[in-house]
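Residue numbers begin at 1 in each chain, while the letters A, B, ... track the order of the sequences.
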Amino acid sequence: MKLARYLLATVKETPADAEIISHQLMLRAGMIRRLAAGLYTWMPLGLRVLRKVEAIVREEMDRAGAQEVLMPAVQPAELWQDSGRWDYYGPELLRIKDRHQRDFCFGPTHEEVITDLIRREIRSYKQLPANFYQIQTKFRDEIRPRFGVMRAREFLMKDAYSFHLDQASLQETYDEMYRTYTRIFTRLGLEFRAVRADTGAIGGSHSHEFHVLAASGEDAIAFASDGDYAANVELAEALPPAQPRTASAAALREVATPGQHSIADISAFLSVAPRQCLKTLLVKGREGGIVALVLRGDHELNAIKAAKLPEVADPLAFASAEEMRAAAGCNAGSLGPVGLKVPAIVDHAAAQAADFVCGANRDGFHLTGVNWGRDLPEPRTTDLRNVIDGDPSPDGHGTLAIRRGIEVGHIFQLGQKYSSAMQSGCLDEQGRSVTLTMGCYGIGVSRIVAAAIEQNHDERGIVWPEALAPFAVMLIPLNAHKSHRVREAAERLYRELWDHGIETLYDDRGERPGVMFADADLIGIPHRLVVAEKGLDAGTVEYKHRRSDEVRHIPLSELIPLLKSARAATDN
RNA sequence: CGGGGUAUAGCGCAGUCUGGUAGCGCGCCAGCUUUGGGAGCUGGAUGUCGUGGGUUCGAAUCCCUCUACCCCGACCA
């Protein structure tokens with residue numbers, strides 16, 4: 001491509017409403033433009049990157065024996081009513097009506113459509129197992145789209161669905177997909193980890209998320225210092241403390257704590273560590289009523305763990321101010337487990353505390369020197385909190401460290417959730433009717449582009465991994481307006497590079513050198529070639545890699561082999 | 001959905017409090033100079049001041065309506 005008439009829409013200034021670096025750089029490099037909240041146009045340069053991701057995903061899915069299909073983005077409501085999700089899915093599902101007032105939705109995912117297809121097409125166990133995938137635009141009406149294409153409403157996703165006669169066959173394909181995802185993210189040049197994830201109603205250890213590690217990630221991941229345990233913090237188990245509770249030493253006292261509400265207030269006011277304070281949260285119960293959850297002051301409630309308790313409403317909902325006063329006789333800020341009339345469920349770590357501080361269930365007062373078993377009954381304990389840095393690993397190997405990740409892939413075993421709701425089955429070897437067992441496997445294709453930038457940038461712009469770069473080479477002529485030799489050499493080199501299949505951008509805009517260098521750096525092209533008078537005298541062009549400061553003078557004859565070997569190193 | 005904020009040239013912003021001829025930087029167009037890290041000078045084009053209504057001799061500015069977008073909030077006891 002020649003830049004003079006390529007829509008290279010780079011901008012110098014950082015757009016005001018882009019918060020994270022990938023969003024800023026995608027706008028500045030002219031990869032995307034916003035149309036409305038969570039809706040983006042992919043510009044020529046950005047689309048090339050998106051296509052690179054797609055191509056690698058497609059190659060590896062094909063290699064793993066999956067068959068590509070393309071299903072409609074718009075889906076009839078009937079299918080969603082069949083599966084029960086029309087009512088369950090909520091406002092994230094974009095519902096639309098056609099001219100006959102029939103209900104449709106813009107697909108946020110395709111379990112219903114594929115299950116419907118398979119129940120019509122698959123007749124015999126001889127056709128199984130089978131795995132179908134598509135790369136397609138999805139729409140999820142997110143409460144709060146943000147971070148550009150990282151959390152957009154419309155986005156490109158690869159979704160795959162596998163069908164099996166039994167669990168053993170599903171496990172095989174699941175493992176194959178795990179390996180395939182590992183290959184894909186490795187080829188994309190990303191630093192990533194597979195982590196155990198929450199499976200919702202499915203249960204078991206049959207779900208993994210693939211996360212690109214980045215400080216801006218929206219998910220927290222817990223890693224074990226020894227061994228390979230890794231899990232989303234949503235799921236990671238906090239083990240009960242190994243040491244027994246220390247004996248009580250202090251007497252129970254009620255102290256006035258006017259205006260002191262938060263753990264931070266109380267610990268500062270009474271000069272005790274936050275971990276010596278307990279916080280009490282009142283939440284709605286599953287069958288109505290109120291339940292108290294008690295945690296150590298330095299710990300955070302894990303809403304997913306709490307919502308799984310049989311006593312607690314799912315999803316988790318906090319008690320209103322009126323409900324608090326009715327249940328405890330005080331406002332938030334003075335709640336405590338002592339003398340509370342509602343059932344209390346206590347986190348393991350909170351149950352281990354001795355001589356602790358908590359609210360007195362009387363506005364403006366707290367209790368100090370409180371002890372389980374003495375001042376209130378021994379608690380019912382469970383795991384309620386998020387793991388924190390330094391907690392013991394649930395698998396017994398070392399301690400946990402917390403890092404942030406961007407979820408770019410998710411594989412899980414669906415079992416028979418959709419196939420039984422939608423009566424998708426076939427005949428087995430004995431002629432018996434069997435309900436199919438399913439797996440599903442997603443990759444956020446457009447999100448990967450943003451995630452890759454989060455991991456690969458510097459102060460000058462994007463630094464593309466070889467496999468994702470929109471172009472391999474940026475060809476820059478110096479003083480082309482004055483020098484026939486430079487112009488001719490650059491033109492010749494440009495054609496030669498393309499003849500060898502090396503994707504090259506030729507900057508024929510006639511800009512000053514500084515502008516050309518700055519744009520080349522901003523859009524992150526890996527290999528930079530500069531053609532100038534002084535090099536031509538020696539029969540060389542100047543070569544620089546985006547990641548390096550080293551400038552090398554390469555004889556023209558060695559150029560193509562050099563670039564080809566750089567590319568080959570990243571294929572497969 | 002609750003709270004906060006913003007909307008003025010392609011982009012980033014000032015002007016609004018205190019009503020009176022719509023501005024700055026970048027970008028864009030033309031010319032000259034310049035050419036190894038986002039050039040300089042000269043000249044130029046570009047605005048229903050988000051929408052609709054109201055007050056006023058006069059509204060970007062004051063009042064009301066609507067819309068769009070951004071940020072914060074489901075980790076607080």
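Between B:G37, B:G36, B:A77, one nucleotide has an atom nearer to the side chain of A:Lys544 than all others, and that is B:G37. Candidate nucleotides B:A77, B:C71, B:G37 were compared by shortest atom distance to the side chain of A:Leu335, and B:A77 ranks first. For A:Arg146, the side-chain atoms get nearest to B:C71 when compared with the rest of B:C75, B:C71, B:U35. Side-chain proximity of A:Lys534 to the nucleotides B:G36, B:A77, B:C75 is greatest for B:G36. The side chain of A:Ser262 lies closest to B:A77, out of B:G37, B:A77, B:C69. Listed candidates were B:G38, B:U35, B:G36. Nearest to the side chain of A:Val515 is B:G38.
Across all strands, A:Thr280 comes closer than 4.0 Å to base atoms (heavy-atom distances). In this structure, A:His299 reaches neither bases nor backbone, as no heavy-atom distance under 4.0 Å exists between it and the strands shown. A:Ile263 comes within 4.0 angstrom of sugar-phosphate atoms only, judged by non-hydrogen atoms across all strands, and of no base. Residue A:Met516 is classed as having no contact, given no heavy-atom separation below 4.0 Å to the nucleic acid. Among the atoms of the strands shown, only primed sugar atoms or phosphate atoms (P, OP1, OP2) are found under 4.0 Å from some heavy atom of A:Ser334. Using a 4.0 Å heavy-atom criterion, one finds that A:Asn386 contacts the bases of the nucleic acid, with or without backbone contacts as well. A:Arg528 comes within 4.0 angstrom of a nucleotide base, judged by non-hydrogen atoms across all strands. If you check every strand for non-hydrogen atoms under 4.0 Å, A:Ala532 touches a base. In this structure, A:Glu542 reaches the bases: a heavy-atom distance under 4.0 Å links it to at least one base atom across the strands shown.
The base of B:G38 is paired with the side chain of A:Asp519 by a donor and an acceptor separated by under 3.5 Å. A donor and an acceptor atom sit less than 3.5 Å apart, one in the side chain of A:Glu13 and one in the base of B:G25. A donor and an acceptor atom sit less than 3.5 Å apart, one in the side chain of A:Arg28 and one in the base of B:G38.
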Scan nucleotides 46-49 of chain B against the protein and return all N/O pairs shorter than 3.5 Å with their distances rounded to 0.1 Å.
none

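Nucleotide B:G36 holds its P atom 6 Å from the CG atom of A:Asn479, rounded to whole Å. Spacing between atom CG of A:Asp219 and atom C1' of B:C75 amounts to 15 Å, rounded to whole angstrom units. Look at CD on A:Glu533: it is 14 Å from P on B:U35, rounded to the nearest Å. Regarding A:Phe517, its CZ atom lies at a distance of 10 Å from the P atom of B:G38, rounded to whole Å. In this structure, the CD atom of A:Glu511 is 13 Å from the P atom of B:G40, given to the nearest Å. When rounded to the nearest whole Å, the span between CG of A:Leu301 and P of B:A77 equals 11 Å. Nucleotide B:G37 holds its P atom 18 Å from the CG atom of A:Leu522, rounded to whole Å. The separation between A:Leu293 atom CG and B:A77 atom P is 13 Å, rounded to whole Å.
Between A:Phe356 and A:Trp372, the ring planes lie tilted relative to each other; the angle falls in the 30° to 60° range.
Remark: B:C75 base-pairs with no nucleotide in the shown strands. Criterion, Watson-Crick or G-U wobble with two distances under 3.5 Å. Under the Watson-Crick or G-U wobble criterion, with both distances below 3.5 Å, B:A30 is paired with B:U42. Under the Watson-Crick or G-U wobble criterion, with both distances below 3.5 Å, B:G36 is left unpaired in every strand shown. Nucleotide B:C57 is matched to B:G20 when pairs are restricted to Watson-Crick or G-U wobble geometry with both distances under 3.5 angstrom.
Salt bridge A:Asp507/A:Lys2: absent, no basic N to carboxylate O contact under 4.0 Å. A salt bridge does not link A:Glu491 to A:Arg487: none of the charged side-chain nitrogens sits closer than 4.0 Å to a carboxylate oxygen.
For the OP1/OP2 pair of B:C11 and a distance below 4.0 Å, the side-chain nitrogens and oxygens of A:Lys12 include no atom meeting the criterion.
Checking A:Ser207 against A:His410 by side-chain atom types alone, a donor-acceptor pair falls below 3.5 Å. Side chains of A:Glu466 and A:His527: a donor on one and an acceptor on the other come within 3.5 Å. Judged purely by distance below 3.5 Å, without hydrogens or angles, the side chains of A:Glu454 and A:Ser22 pair a donor atom with an acceptor atom.
Each of A:His261 and A:Gly510 has a nearest nucleotide on RNA chain B; the 5'-most of these lies closest to A:Gly510. Checking A:Arg512 against A:Ala319, the closest nucleotide of RNA chain B that is more toward the 5' end is the one next to A:Arg512.
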Handout entry: Stepwise side chain to side chain contact (heavy atoms under 4.5 Å, CB included) check, A:Glu503 with A:Val473
Key = CA-CA 6 Å; A:Glu503 298 167 304; A:Val473 171; over 6 Å; no
Problem - CA sep, side-chain torsions, deciding dist, call: A:Arg286, A:Glu311, side chain to side chain contact (heavy atoms under 4.5 Å, CB included) - result: CA-CA 5 Å; A:Arg286 183 155 302 189; A:Glu311 297 90 338; over 6 Å; no
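Considering only residues two or more places apart in sequence or on other chains, A:Glu142 meets the side chain to side chain contact (heavy atoms under 4.5 Å, CB included) condition with A:Glu92, A:Arg140, A:Pro145, A:Arg151, A:Arg153.
With both ends at atom P, the span from B:U56 to B:U67 equals 28 Å, rounded to whole Å.
A:Asn456 contributes no side-chain N or O that, together with a main-chain N or O of A:Ile462, makes up a donor-acceptor pair within less than 3.5 Å.
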